[in-house]
Amino acid sequence: MAGLGAKPEDKASTPPPLWPDDVYRILKDAGVRQIGMVPDAGHSRLIRAFEADPETRVVTLTTEEEGVAMLAGAWLGGQRGVLLLQSSGVGNCINMLSLPSICHMPLLMLVTMRGDWGEFNPWQIPMGQGTQAALEAMGVIVTRADEPHLVAQSVWGAANLAFNTWRPAAILIGQRVLGAKNFKELARK
Amino acid sequence: MTSPNALLHRRDVVNELLRDRGDLLVIAGLGAPNWDVSAAGDNPNNFPLWGAMGAASMMGLGLAMAQPKRKVLVITGDGEMLMSIGALATIAVEKPPNLTIAVLDNERFGETGMQKTHTAAGVDLAGMALAAGIRTSRVVRTAEEVTEIRNLAHEGKGPVFAQVKINPEALYFVLPPADGGILTTRFRQSVLGDASLYN
């Protein structure tokens, strides 16, 4: 979540959040092999973990809907995956979500939120506020994780739902989890 | 020998692409490519799309990565490919050796009244795929060239992209099962075995 010249990789003054490490282990235990993503700073630690893992393949997408289709193909071939995206990318996925919904395929989406708690960029508000409604309109089971301690258990629950009941499920990781650090970074400018 | 001035017929193209298919896995894009693939013979190793326009090539990538020992052929239309043109860049980066994409290019949106697509104005899909980095990328105009693509699809030295120029003819529909659950389950059972039914 870079903004106003802030450097999202500059973590010198704040310790990294630990929930991405828990999420990585949960997704590994769930058998995730393919990772489709359009990057977000909130996912950067998790992306690095998957990139360092020889068992997982990280695919950078030009638009998030590519990932919905890719993971449908992965499922047909017997592999599980996860889609990492920002809330704005949910809007890019809407029609493609027909695929897991009508085909009884799992789809696990980890969505880092913009346009909710503490947002400073007004352009992020429309899609951020519409994210959950858009997902639910397409039949995606949505869980919000608005505290750091809720993220791992939410991912565990959604992964089980997706892979055992063959449905799309999304976790929305709120800006209460992701956002405070960014205000400090901005305040330094 | 096909006259260079005569456009190929789409079902001849698909029949040739699927000739002696062995254990080839096939994703068919929505609309006429789905009906063409189904006309060549319904098969559990086909995944024919009835919607999700733009999905076909990326489904092919996910499947090809999940099944690196199998060959995957995506057969789709020019409108469907144009809707997910960025996928060519993603596929070029990932370089799946076992993936071939054949676009049946009639330069029309066939299901909606034969309106012209961008390729009718000269948009060069094969050139775009090549520029993205898919090094084996061709415009196909003859039956002999179709056979070459059919053979490339079985070689596993891809990714391969083919823009097959075809006659804009409207043919009778041949429909595969429409239930996505059936299509998914039978495909997975065929590829992964009966164990997939218990997962």
Side-chain angles (χ1 to χ4, degrees), chain A residues 30-39 50-51 54-83 89 92-108 138-139 160 162-168, chain B residues 25-27 29-30 44-47 49-70 72 74 80 83-96 98-99 132 178-193 195-196 199:
Chain A
V32 161
R33 298 285 300 278
Q34 295 189 22
I35 293 87
M37 62 102 183
V38 174
F50 281 126
E51 285 177 339
E55 290 183 342
T56 55
R57 183 151 177 179
V58 178
V59 176
T60 305
L61 311 164
T62 70
T63 175
E64 292 81 355
E65 64 191 289
E66 288 180 7
V68 177
M70 183 184 87
L71 296 177
W75 179 250
L76 289 180
Q79 282 193 347
R80 298 177 176 191
V82 66
L83 179 57
N92 295 344
C93 293
I94 292 175
N95 183 54
M96 202 62 84
L97 291 169
S98 308
L99 191 53
S101 178
I102 202 66
C103 291
H104 298 279
M105 293 174 172
L107 173 67
L108 183 61
M138 289 307 296
N160 275 286
F163 295 125
N164 293 322
T165 75
W166 317 297
R167 283 172 202 285
Chain B
L25 303 175
V26 177
I27 307 283
L30 85 174
N45 288 345
N46 292 347
F47 197 88
L49 287 153
W50 289 72
M53 189 166 176
S57 58
M58 284 301 295
M59 283 188 76
L61 175 62
L63 176 59
M65 293 191 302
Q67 287 289 327
K69 294 179 180 174
R70 303 285 290 267
V72 177
V74 173
E80 210 267 356
M83 188 169 280
S84 57
I85 199 71
L88 293 179
T90 302
I91 290 163
V93 170
E94 297 305 320
K95 294 182 171 55
N98 55 336
L99 178 63
D179 185 322
I182 288 174
L183 293 169
T184 299
T185 300
R186 74 173 192 171
F187 191 100
R188 280 171 51 86
Q189 186 177 15
S190 177
V191 175
L192 306 168
S196 67
N199 180 11

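Remember, it's a predicted structure, so these values are computed and weren't measured experimentally. As a basis for the values below, the full set of heavy atoms in this structure was taken, side chains included, without hydrogen atoms, waters or symmetry mates. Below, chain A is the first sequence line, B the second, and so on; all start at residue 1.
Heavy atoms only, all atoms of each residue included: B:A55 and A:A69 are closest at O-CB, 3.6 Å. In terms of heavy atoms, B:F47 sits closest to A:M105 at CZ-CE, 3.9 Å. Shown here for B:A66 and A:A74, the closest heavy-atom pair between the two residues is CB-O, 3.7 Å. Heavy atoms only, all atoms of each residue included: A:T62 and B:A89 are closest at CG2-CB, 4.2 Å.
If you tally non-hydrogen atom pairs under 4.5 Å between each of A:R57, A:E65, A:H104 and chain B, the highest count goes to A:R57. When each of B:L63, B:V191, B:L49, B:L61 is scored by its heavy-atom pairs under 4.5 Å with chain A, the top score falls to B:L63. In terms of heavy-atom pairs under 4.5 Å with chain B, the best-connected choice from A:L61, A:V59, A:T63, A:L99 is A:V59.
Interface remark: A:E66 contributes backbone and side-chain atoms alike to the contact with chain B (heavy atom separation under 4.5 Å). Of the two parts of A:T60, only the backbone, made up of N, CA, C and O, holds a non-hydrogen atom closer than 4.5 Å to a non-hydrogen atom of chain B. Both the backbone and the side chain of A:W75 have a heavy atom closer than 4.5 Å to some heavy atom of chain B. There is no contact between B:I182 and chain A, counting heavy-atom distances below 4.5 Å.
Here the CG atom belonging to A:L76 is positioned 9.0 Å from the CG atom belonging to B:L25, to the nearest 0.5 angstrom. Note that CE of B:M65 and CE of A:M70 are 4.5 Å apart. Values are rounded to the nearest 0.5 Å.
In the displayed structure, B:I85 atom CD1 is contacted under 6.0 Å by more than 12 heavy atoms of other residues, nucleotides or ligands. Taking a 6.0 Å sphere around CZ of A:R80, one finds it holds more than 12 heavy atoms contributed by other residues, nucleotides or ligands. No more than 12 heavy atoms of other residues, nucleotides or ligands lie within 6.0 Å of CH2 in A:W166, so this atom counts as exposed by the packing criterion. Heavy atoms from other residues, nucleotides or ligands lying under 6.0 Å from CE of B:M53 number more than 12.
Considering B:T184, B:T185, B:D179 as possible partners of A:C103, the one that fulfils the side chain to side chain contact (heavy atoms under 4.5 Å, CB included) test is B:T184.
Between the A:Q34 side chain and the B:G62 main chain, a donor and an acceptor come within less than 3.5 Å of each other.
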